[in-house]
Trainee: 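Structure provided below as structure tokens; questions to follow.
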Amino acid sequence: MKYHELLELYKKKELSEEQREMVEQDIERYEAISEYLFEKEEENILQDSGEIQYESGMQLTKKEKNAADDFTKRVNRAIRRAFLKMGAAVCAVTLVVVLLILFVLPNIVSNFYYDPGRIVSENNYGGTTNQMSLDLAVYTELALPGTYRDDVQVEDRGYGNYDITIYQSVSRSGEFHHVAGRVEKNTLRLYDPNLFNISASNVFGWFQMNMDYDGTLTQLAENSQGDLFYTPESNEQSAEYLNLLDDNKYYLAYVTLDKILSYDDFISFTENYSEQTADIWCVPRTAEDSHMPVGRPANLGFYIQRGQSSMLEWDREKYPDLILWSFDDLSEWDEAEEKIKDETFAAEHFAVMLDYMSEQDEFLGMMGERAGEKYAEAADYIRENGLQVYGFACVADKETLLEMNGEEAVFGIRTEDVD
């Protein structure tokens, strides 16, 4: 009788007492063998399974040895299957973990940080607008005259890290200044850190002067009513400075008005120079008391004249007329230039930009700005008080700036190289 047949009879309890005891002894020995085999490599087990000595020191008969070998092979096969199953399970788990690390985890981590490449909208031609392009378009119009940027290409590196390239669409100097950099977990690193340098707070003469004064800045300075942290200190000094400029270059000019003008008066003044200037940027008062209380973003403004349009799209229902110079049909350009001359429209357009920026805390943090609530307060002030204009910026040549400086409405002009 073969040993496995003997086992079948043992299972059915059809063995004699003597046979049953023998089988149970064998089972006990085989369990010890299987434990031993488990601790050895399968190859060694197969090699060493020919001669097996037992605790009693007795050598098995040939028949018993064949049965033992058969049982040993069964144990080996069972062990092999167990190891194969375990190996397959470990490989599967490892593969899943690797795939999670490679493809899922980077996106999960990125969700906790500013994503410059997030698509916010799509235009009628299938083009898309990403988050940083829209944020920069609004921010550079509000705070950086002459440095307008609305085109950012983004490559996602995962884990909140992105490679970016910021393109300049239009140049007044004839040279394009494209800048590459990285966004690393809400930190902006540009290879030209000077790209978004905001002009000094006192680039306009009304800095920390009493804007409630009904007279002129000249009278305030002559009467020493306030500290004039501004050069040139007079229209005459401004003329001396402007005469040193290059006749063949264009400049970004910051024009300080001698008197706070209503928006209508400001539009009337700038229309006299509409053919000689470009990119006119209006700077209205945005706070009570003085122009820049502690923490107040200084010198915020908007364009009343632009030399370029964009193809940006956004939530137009939530932010109507956020980007005035973005349209599909260039025939809308003249309409936009007419709409911006209306104070009610212009004030709301400016306030909507301030509203939008007030909600972009992550972006503002990257730009070194404080919380967006200051922009929200500026929006509230504009809606309550309208547009009271104390200065503007524009691109013009030396001749035009000298002519403008001679106007009674102008206190002084400062310039810097145009982008």
Trainee: Hey, does Val183 have a side-chain heavy atom less than 4.5 Å from the side chain of Tyr113?
Mentor: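 No. Closest side-chain heavy atoms not under 4.5 Å.
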
Trainee: Of all residues at least two apart in sequence or in a different chain, which pass the side chain to side chain contact (heavy atoms under 4.5 Å, CB included) check with Asp397?
Mentor: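 In terms of side chain to side chain contact (heavy atoms under 4.5 Å, CB included), with neighbours along the sequence ignored, Asp397 is linked to Tyr250, Glu399, Thr400.
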
Trainee: Starting at CZ of Phe207, measure out to OH of Tyr390 and round the result to the nearest 0.5 Å.
Mentor: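 The CZ atom of Phe207 sits 10.5 Å away from the OH atom of Tyr390.
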
Trainee: One thing to verify: whether Asp417 and Lys249 come together as a salt bridge, which I'm taking to mean a side-chain N less than 4.0 angstrom from a carboxylate O.
Mentor: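 Yes.
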
Trainee: Can we say Lys259 and Asp265 salt-bridge, meaning some charged N sits less than 4.0 Å from an Asp/Glu carboxylate O?
Mentor: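 Looking at Asp265 together with Lys259, the answer is no, because their closest N to O distance does not fall below 4.0 Å.
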
Trainee: Can you tell me how far the CG atom of Leu387 sits from the CG atom of Asp264, to the nearest 0.5 Å?
Mentor: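 Here the interatomic distance stands at 9.5 Å.
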
Trainee: Cut-off 3.5 Å, side chains only: do Asp135 and Tyr356 have a donor facing an acceptor?
Mentor: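 Checked: Asp135/Tyr356 side chains pair up, N/O donor to acceptor below 3.5 Å.
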
Trainee: Can you name the ring-ring contact (aromatic ring centres under 6.0 Å, His included) partners of Tyr381, sequence neighbours left out?
Mentor: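 Tyr381 satisfies ring-ring contact (aromatic ring centres under 6.0 Å, His included) with no residue once adjacent residues are dropped.
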
Trainee: Between Glu416 and Arg414, does any side-chain N to carboxylate O distance fall below 4.0 Å?
Mentor: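 So Glu416 does not pair with Arg414 through a salt bridge.
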
Trainee: Around Asn197, counting heavy atoms of other residues, nucleotides and ligands shown, do more than 12 lie under 6.0 Å from its CG?
Mentor: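 Yes, because the 6.0 Å sphere around CG of Asn197 holds more than 12 heavy atoms from other groups.
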
Trainee: Do the side chain of Ser238 and the main chain of Ile413 share a donor and acceptor less than 3.5 angstrom apart?
Mentor: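 Yes, the answer is positive, given that a donor and an acceptor are paired below the 3.5 Å cut-off.
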
Trainee: Under the 3.5 angstrom rule, does the side chain of Gln305 hit a backbone N or O of Ser274 as a donor-acceptor pair?
Mentor: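 Yes, because the side chain of Gln305 sits within donor-acceptor range (under 3.5 Å) of the backbone of Ser274.
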
Trainee: I need the minimum non-hydrogen distance between Lys398 and Asn243, along with the two atoms involved.
Mentor: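 Smallest interatomic distance, heavy atoms only, reads NZ-O, 3.0 Å.
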
Trainee: Given side chain to side chain contact (heavy atoms under 4.5 Å, CB included), test His349 with Lys339 step by step and report yes or no.
Mentor: CA-CA 10 Å; His349 163 60; Lys339 287 196 297 186; over 6 Å; no

Trainee: With distance as the sole test, does Glu141 use its side chain to make a donor-acceptor pair with the main-chain N or O of Tyr303 at under 3.5 Å?
Mentor: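 Confirmed, Glu141 side chain pairs with Tyr303 backbone.
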
Trainee: State whether the side chain of Asp163 and the backbone N or O of Arg157 hold a donor-acceptor pair below 3.5 Å, judged by distance alone.
Mentor: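 Between the backbone of Arg157 and the side chain of Asp163 there is no qualifying donor-acceptor contact (under 3.5 Å).
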
Trainee: Where the side chain of Ser133 meets the backbone of Val152, is there a donor-acceptor pair that is under 3.5 Å apart?
Mentor: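 A pair under 3.5 Å: yes.
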
Trainee: Does Phe392 reach the side chain of Leu257, with side-chain heavy atoms less than 4.5 Å apart?
Mentor: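 SC-SC contact between Phe392 and Leu257 confirmed.
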
Trainee: Can you sort out the partners of Phe345 under ring-ring contact (aromatic ring centres under 6.0 Å, His included), two or more places apart, ordered by chain and number?
Mentor: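 If we apply the ring-ring contact (aromatic ring centres under 6.0 Å, His included) test to Phe345, skipping adjacent residues, there are no hits.
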
Trainee: Taking C-beta and beyond as the side chain, do Asp115 and Tyr162 meet within less than 4.5 Å on heavy atoms?
Mentor: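 When only atoms from C-beta onward are counted, Tyr162 and Asp115 do touch, with a gap below 4.5 Å.
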
Trainee: Just so I know, are the side chains of Ile166 and Leu190 near enough to count as touching, which here means a heavy-atom distance under 4.5 Å?
Mentor: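 When only atoms from C-beta onward are counted, Leu190 and Ile166 do touch, with a gap below 4.5 Å.
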
Trainee: At what distance, to the nearest 0.5 angstrom, does CD1 of Ile164 lie from CE of Met132?
Mentor: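 Ile164 CD1 to Met132 CE: 4.0 Å, rounded to 0.5 Å.
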
Trainee: Looking at every non-hydrogen atom in both residues, tell me the closest pair between Leu401 and Ala253 and how far apart they are.
Mentor: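 Taking Leu401 first and Ala253 second, the nearest heavy atoms are CD2-CB, 3.5 Å.
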
Trainee: Given side chains that start at C-beta, do those of Val138 and Tyr319 come closer than 4.5 Å, heavy atoms only?
Mentor: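 No, too far: nothing below the 4.5 Å cut-off.
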
Trainee: For the residue pair Tyr139 and Glu369, confirm or rule out a side-chain donor-acceptor distance under 3.5 Å.
Mentor: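 Present: a donor and an acceptor within the cut-off.
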
Trainee: Going through the distances and angles, do Phe363 and Met357 end up as a side chain to side chain contact (heavy atoms under 4.5 Å, CB included)?
Mentor: CA-CA 9 Å; Phe363 174 81; Met357 193 50 55; 4.0 Å; yes

Trainee: Can you measure from CE (Met404) to CD (Gln276) and round to the nearest 0.5 angstrom?
Mentor: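 One gets 7.5 Å once the value is rounded to the nearest 0.5 Å.
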
Trainee: A side-chain contact here means heavy atoms from C-beta on lying under 4.5 Å apart; do Tyr273 and Glu403 qualify?
Mentor: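 Yes, side chains in contact.
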
Trainee: Do the side chain of Thr140 and the main chain of Leu136 share a donor and acceptor less than 3.5 angstrom apart?
Mentor: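 Present.
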
Trainee: For Ala143 versus Leu300, what's the shortest heavy-atom pair and its separation?
Mentor: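 Nearest heavy atoms, Ala143 then Leu300: CB-CD2, 4.3 Å.
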
Trainee: For Glu236, which residues count as a side chain to side chain contact (heavy atoms under 4.5 Å, CB included) partner, sequence neighbours excluded?
Mentor: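 Partners of Glu236 under the side chain to side chain contact (heavy atoms under 4.5 Å, CB included) test: Ser234.
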
Trainee: Would you please name every residue forming a ring-ring contact (aromatic ring centres under 6.0 Å, His included) with Tyr251, sequence neighbours left out?
Mentor: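 Partners of Tyr251 under the ring-ring contact (aromatic ring centres under 6.0 Å, His included) test: none.
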
Trainee: Please list, chain by chain and in numerical order, all residues satisfying side chain to side chain contact (heavy atoms under 4.5 Å, CB included) with Asp419, sequence neighbours excluded.
Mentor: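 Partners of Asp419 under the side chain to side chain contact (heavy atoms under 4.5 Å, CB included) test: Thr147, Arg149, Gln168, His177.
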
Trainee: Step by step, work out the side chain to side chain contact (heavy atoms under 4.5 Å, CB included) result for Tyr213 and Gln219.
Mentor: CA-CA 10 Å; Tyr213 183 65; Gln219 293 169 339; 3.5 Å; yes

Trainee: In Å, rounded to the nearest 0.5 Å, how long is the span from CZ of Arg316 to CG of Leu322?
Mentor: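 Going from the CZ atom of Arg316 to the CG atom of Leu322 covers 9.0 Å.
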
Trainee: At their closest point, which heavy atom of Ile323 faces which heavy atom of Leu134, and how far apart are they?
Mentor: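 Minimum heavy-atom separation between Ile323 and Leu134: CG1-CD1, 4.3 Å.
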
Trainee: Just by distance, no angles: are the side chains of Asp151 and Ser169 close enough, under 3.5 Å, to form a donor-acceptor pair?
Mentor: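 No pair is found: no donor N or O on one side chain lies under 3.5 Å from an acceptor on the other.
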
Trainee: Side chains of Arg383 and Glu348, heavy atoms from C-beta outward: is any pair under 4.5 Å?
Mentor: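 Contact flag for Arg383/Glu348 side chains = yes.
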
Trainee: Could you walk me through whether Leu188 and Tyr114 pass side chain to side chain contact (heavy atoms under 4.5 Å, CB included), step by step?
Mentor: CA-CA 10 Å; Leu188 177 63; Tyr114 178 78; over 6 Å; no

Trainee: Between Thr129 (side chain) and Leu312 (backbone), is there a donor-acceptor pair under 3.5 Å?
Mentor: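 Not confirmed, Thr129 side chain does not pair with Leu312 backbone.
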
Trainee: What are the two closest non-hydrogen atoms of Val283 and Asn299, and how far apart are they?
Mentor: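 Here Val283 and Asn299 meet closest at CG1-CA, 4.0 Å.
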
Trainee: Parallel under 30°, tilted from 30 to 60°, perpendicular over 60°: which one fits the rings of Phe350 and Phe302?
Mentor: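 Tilted, since the angle between the ring planes falls between 30° and 60°.
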
Trainee: Identify the residue among Thr344, Asp342, Ile304 that makes a side-chain contact (heavy atoms from CB on, under 4.5 Å) with Tyr263.
Mentor: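 Among Thr344, Asp342, Ile304, the one meeting side-chain contact (heavy atoms from CB on, under 4.5 Å) with Tyr263 is Ile304.
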
Trainee: Heavy atoms only: give me the nearest Asp150-Ala137 pair and the separation to one decimal.
Mentor: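 Nearest pair, atom of Asp150 first, then Ala137: CB-CB, 3.8 Å.
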
Trainee: Hey, are the side chains of Glu359 and Lys318 touching, using non-hydrogen atoms and a 4.5 Å cut-off?
Mentor: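 Yes. Closest side-chain heavy atoms under 4.5 Å.
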
Trainee: Quick check for you: to the nearest 0.5 Å, what is the distance between Tyr148 atom OH and Asp279 atom CG?
Mentor: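 Here the rounded value is 10.5 Å.
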
